[in-house]
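Presented below is the structure to which this report refers.
To find a chain, count down the sequence lines: A is the first, B the second, and so on, and within it residues start at 1.
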2 protein chains.
Amino acid sequence: MDAYKYIKEAIIHGKYEPGMRLGEEYLAKELKLSRTPIREAIKQLESEGLVTPLKRGVSVRHFTREDIQQIYDLRTLLEGYAASQAALHRTDEDIEKMKEANSRYEEAIERYKEADLNSIKEIVNFNQQFHEAIISACNNPHIYFHLSKVVVVPLVFRSFYWYDEFELKRSLEVHKTILSAIQNQDSERARVAMTEHIYQGRDQVLAHLEEIKKIHVLKEDTHD
Amino acid sequence: MDAYKYIKEAIIHGKYEPGMRLGEEYLAKELKLSRTPIREAIKQLESEGLVTPLKRGVSVRHFTREDIQQIYDLRTLLEGYAASQAALHRTDEDIEKMKEANSRYEEAIERYKEADLNSIKEIVNFNQQFHEAIISACNNPHIYFHLSKVVVVPLVFRSFYWYDEFELKRSLEVHKTILSAIQNQDSERARVAMTEHIYQGRDQVLAHLEEIKKIHVLKEDTHD
DNA sequence: CATTGACCTTTTGTATACAAAGCGTTAATT
DNA sequence: AATTAACGCTTTGTATACAAAAGGTCAATG
């Protein structure tokens, strides 16, 4: 399997946790490859900022609260712009793709309400699909290029798993707002709605981080 | 020497021209290294978009007029934001660095007027230094991370070499406007002035591209 | 007891060797 | 003469071997 993809997925899915050292030998054994392709994969991940160089080798990057704030600021900027451009350039097929992603998203939320915990993965997927449809509609590969590196970070926290039904439904409503703004070629509205949408996402992730911190503090307390 | 840096510089300085195939063996001989470190460098350049994959190997990426438009749009977005944040967060040292870069910039322009063609390199440098001072003042490493990859592209065209005295002086004036907006913590003004500054840069590059195109057409005409 | 230095081990960096996949050229057949 | 099949050459992909640097351990010394 492709070493780059494998390691990236492993980081996103939390198999390799933040701070964990990624030894070449170890990864080579894990992927049944020699160190050469492993090293190339690591170099790529390093230039994307997913792993951070140590004195020797690299470790999975740890993102602080401040990182999250700044990365989401970046994302509002880029994705807000993408939405505004999508409103100007969208084709009928683009709209179709967005509607499709949104319906699937809605269906997955319904299944989630029926206690189908597996549907969370689909929710994440269809959410991504909706956002990608917008980015692709704005017809600017460079925006896509940078956004794809920005978007990965919050995934590391898997905060979607903490969403409750209300939050998911609100998110769906905002999607619909964004979609209709894009359909009506109302670029400023699309930009603002998208920006707000992403800020809401940021709030969720930050709240999630607070929760985790509290749990850690509790654990620390029981240590002595 | 570090293979990544070397190849990147060579691309920026035009030693390796757009479209040129970068064979591993060739680069290895050029840098007196084995193929292994060369391959790693290429992987990095690829993930930054400076080289583009072929069926076999890579070639120096060719940027179209559309690419330039989109990349500059991205840059206005990011660097405009950086300027606005710099206005909010700047320290006195930040302001000092900007003033310093600007004075040097002005001096270099003076030397350029006196027909010192070598000063162009310094002009490019001090211009970059000013922009970097702003990005660093906004205290957001992620912005810096992405901007550093965006900024490289226009350098490939070396359009600074085509600037005349008037354009350089106008650029200097805008720098001063941006600087004073940041000093006065007028974030919106800083953003707008920076955005306009970069749009002007874009116009120069695009005009430069037109010139090149004309010359090419003339050359083609003389071929038969 | 702490600190430093020498040695040993582990891990990364580079080179080389070998495997596999593209590409071009040539020759054969229709 | 054109098309295709096969061969060989070039170039990339992977593995392994070797060099160098970083880290850790243990003993000696203040």
Item to check | Of the listed nucleotides dT12(C), dC23(C), dT12(D), the one nearest the side chain of Lys55(B) | outcome: dC23(C)
Checklist entry - Looking only at side-chain N and O atoms, does Ser34(B) come under 4.0 Å of OP1 or OP2 in dT14(C)? => result no
Next on the checklist: Could you tell me if Lys8(A) sits above the aromatic ring of Tyr4(A), with its cationic atom closer than 6.0 Å to the ring centre and no more than 45 degrees from the axis?
Outcome noted: no
Checklist entry - Glu24(B) or Arg35(A): which one's nearest nucleotide on DNA chain D is closer to the 5' end? => result Glu24(B)
Checklist entry - For DNA chain C, whose closest nucleotide is more 5', that of Val58(A) or that of Thr36(A)? => result Val58(A)
Item to check | Donor-acceptor under 3.5 Å (Gln70(A) side chain, Asn139(B) main chain) | outcome: yes
Item to check | Distance in angstrom units between Leu54(B) CG and dG13(D) P, rounded | outcome: 11 Å
Next on the checklist: Does the plane of the ring in His197(A) sit parallel, tilted or perpendicular to the ring in His131(A)? Use 30° and 60° as the thresholds.
Outcome noted: parallel
Checklist entry - Taking CG from Asp2(A) and C1' from dG13(D), how many angstroms apart are they, rounded to a whole number? => result 12 Å
Checklist entry - Roughly, in whole Å, what's the span from CD in Glu25(B) to P in dG22(C)? => result 19 Å
Checklist outcome for this item: Whole-Å distance, Leu27(B) CG to dA15(C) C1', equals 17 Å
Next on the checklist: If the cut-off is 4.0 Å, is Arg39(B) near the phosphate of dG13(D), judged by side-chain N/O to OP1 or OP2?
Outcome noted: yes
Checklist entry - Would you find a donor on one side and an acceptor on the other, under 3.5 Å apart, between the side chain of Asp203(B) and the backbone of Gln200(B)? => result no
Item to check | Length of the line joining Ile42(A):CD1 and dT11(C):C1', which is rounded to integer Å | outcome: 12 Å
Item to check | Whole-Å distance separating the OH atom of Tyr26(A) from the P atom of dT11(C) | outcome: 13 Å
Checklist entry - For the residue pair His208(A) and Phe157(A), is the inter-centroid distance of their aromatic rings smaller than 6.0 Å? => result no
Checklist entry - Whole Å only: how far is the NZ atom of Lys32(A) from the P atom of dA15(D)? => result 13 Å
Checklist entry - Whole-Å distance between dT12(C) P and Lys43(A) NZ? => result 12 Å
Checklist outcome for this item: 5'-most contact on DNA chain D (nearest-nucleotide basis), Arg56(A) vs Leu33(A), goes to Leu33(A)
